[in-house]
Number of protein chains: 2
Amino acid sequence: MLQVSRKFEYGLHAVTYLATKGLGRVVTVKEMADELGFSQEFLSKAMQSLKRAGIAASVQGVKGGYMLGKSTDAITVADIAIAIEGEPHLVRCGVKADRCEIFSSCHHRGYMNTLQHKIQVLLAATTIHSLLKEVAG
Amino acid sequence: MLQVSRKFEYGLHAVTYLATKGLGRVVTVKEMADELGFSQEFLSKAMQSLKRAGIAASVQGVKGGYMLGKSTDAITVADIAIAIEGEPHLVRCGVKADRCEIFSSCHHRGYMNTLQHKIQVLLAATTIHSLLKEVAG
DNA sequence: GTTAAACAGGACTATTTTAACCCTATTATC
DNA sequence: GATAATAGGGTTAAAATAGTCCTGTTTAAC
Ligand code: SF4
Ligand code: SF4
């Protein structure tokens, strides 16, 4: 329970990788996959999600690739999580009420929702900038 | 990502149900399943986990059933999560290092581990006692 | 002491989610 | 026009979760 997906971790690694390369530098998926040690195809999907969210920017064509779409202190871990996994739903009923058979009689939905919010606050508290500092120091 | 399991929610509901019945009262799985509206067989597994963790106590035989094993302010949401899902592992490498192909080159393991710890602190901050008050108030 | 109602738990199956792969555009450089 | 890259749909494979079944053990009641 409560384990992050591999895709999210791929995405986070990719973003920190791009960050160390500087804001302007264009990097291909192939380079990142080789350097970080994971599947090119799968990372590619993660990058597409990050791009749609504006976290990464892409350049198409032969000399194309990805770069960061924002400065490192404008990207939080929560942003990456949402870009890749979509809106967070700690409980099934968050997706759609009828996903839970006891929705109408459930009394701790309120608590679960505040819990989810607190977790989001935790994720939003770390920017890529601060994460890189933490890793270095 | 980061969704709690149904079994955990079943367990949490069961514990709050037992709590409202008072510490001494013995309740059968059948009664709880009927009352809360979920599968007897599946709830039974959750109760067995809760019992092993000391959160619930059981009485075997004809007039048997379950009751709380501790007072409501000695049980936290984290306790229930651990009883049912086992030790939390936000990242794959927490289970076993070789579950992650990039373990040796990963730089944000430290961050992920502190994140996990903070989530545990959140869960441990709510006792069943305080949860019930929150629901009532 | 036999019966019946309950917990205990192993083993299996089904469902859902996640991960991975494949294949075809499209874009832009050379 | 060839090539190297992103964009993305669709399919398959693997893993985790949910749910079921079946057998045993305990104990109150008769
Ligand atoms: S049990 Fe309550 S909180 Fe959980 S999914 Fe159902 S309605 Fe939502
Ligand atoms: S990427 Fe890092 S934190 Fe995540 S599982 Fe691998 S070693 Fe652990």
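Lettering of chains follows the sequences in order, A, B, ..., and the numbering in each one begins at 1.
Two different hydrophobic clusters hold A:V62 and A:V59 under the rule that ILVMFWY side chains link at heavy-atom gaps under 4.5 Å.
Atom OH in B:Y66 sits roughly 9 Å away from atom C1' in C:dA6 (whole-Å rounding). Across the protein-nucleic acid pair, A:Q3 atom CD and C:dT17 atom C1' stand 13 Å apart, rounded to whole Å. For the pair B:E85 CD and D:dA18 C1', the computed distance is 12 Å after rounding to whole Å. For the pair B:K63 NZ and C:dC7 C1', the interatomic distance rounds to 16 Å; values are reported in whole Å. One can place CZ of A:R6 at 9 Å from P of D:dA16, the figure rounded to the nearest angstrom. Whole-Å rounding puts the A:F8 CZ to C:dA19 C1' distance at 17 Å. We find that CD of A:E41 is positioned 8 Å from P of C:dC21, with the value rounded to whole Å. At whole-Å resolution of the value, CD in A:E31 and P in D:dA4 are 16 Å apart.
Residue A:Q48 places a side-chain atom within donor-acceptor reach of the base of D:dG8, judged by atom type and a 3.5 Å distance cut-off alone.
Listed candidates were C:dC7, D:dT6, C:dA4. Nearest to the side chain of B:V62 is C:dA4.
DNA chain D is contacted by both B:S5 and A:K30; A:K30 maps to the nucleotide lying nearer its 5′ end (nearest heavy atom per residue). Nearest-nucleotide assignment on DNA chain C puts the 5′-proximal partner with A:K7, out of A:G61 and A:K7.
For B:R52 and C:dA8, the shortest distance from a side-chain N or O to OP1 or OP2 is not below 4.0 Å. Contact between the side-chain N/O atoms of A:T28 and the OP1/OP2 oxygens of D:dA4 is not found at any separation under 4.0 Å. Dashed line: the shortest gap from a side-chain N or O of A:S39 to OP1 or OP2 of C:dA19 is not under 4.0 Å. Contact check, B:R99 against D:dA16: a side-chain N or O comes under 4.0 Å of OP1 or OP2.
In this structure, B:G64 reaches the sugar-phosphate backbone alone: every heavy-atom distance under 4.0 Å involves primed, P, OP1 or OP2 atoms, never a base. B:K45 comes within contact range of at least one nucleobase, with a heavy-atom separation under 4.0 Å.
Ion pairing of A:E35 with A:K21 is absent here, as no side-chain N (NZ or NE/NH1/NH2) approaches a carboxylate O to less than 4.0 Å.
The aromatic rings of B:H13 and A:H108 sit tilted, their planes meeting at an angle between 30° and 60°.
Contact of the B:L90 side chain with the B:L2 side chain is registered, since non-hydrogen atoms from C-beta on lie closer than 4.5 Å.
Just one residue in the list B:T127, B:T126, B:I80 forms a side-chain contact (heavy atoms from CB on, under 4.5 Å) with B:I75, and that residue is B:I80.
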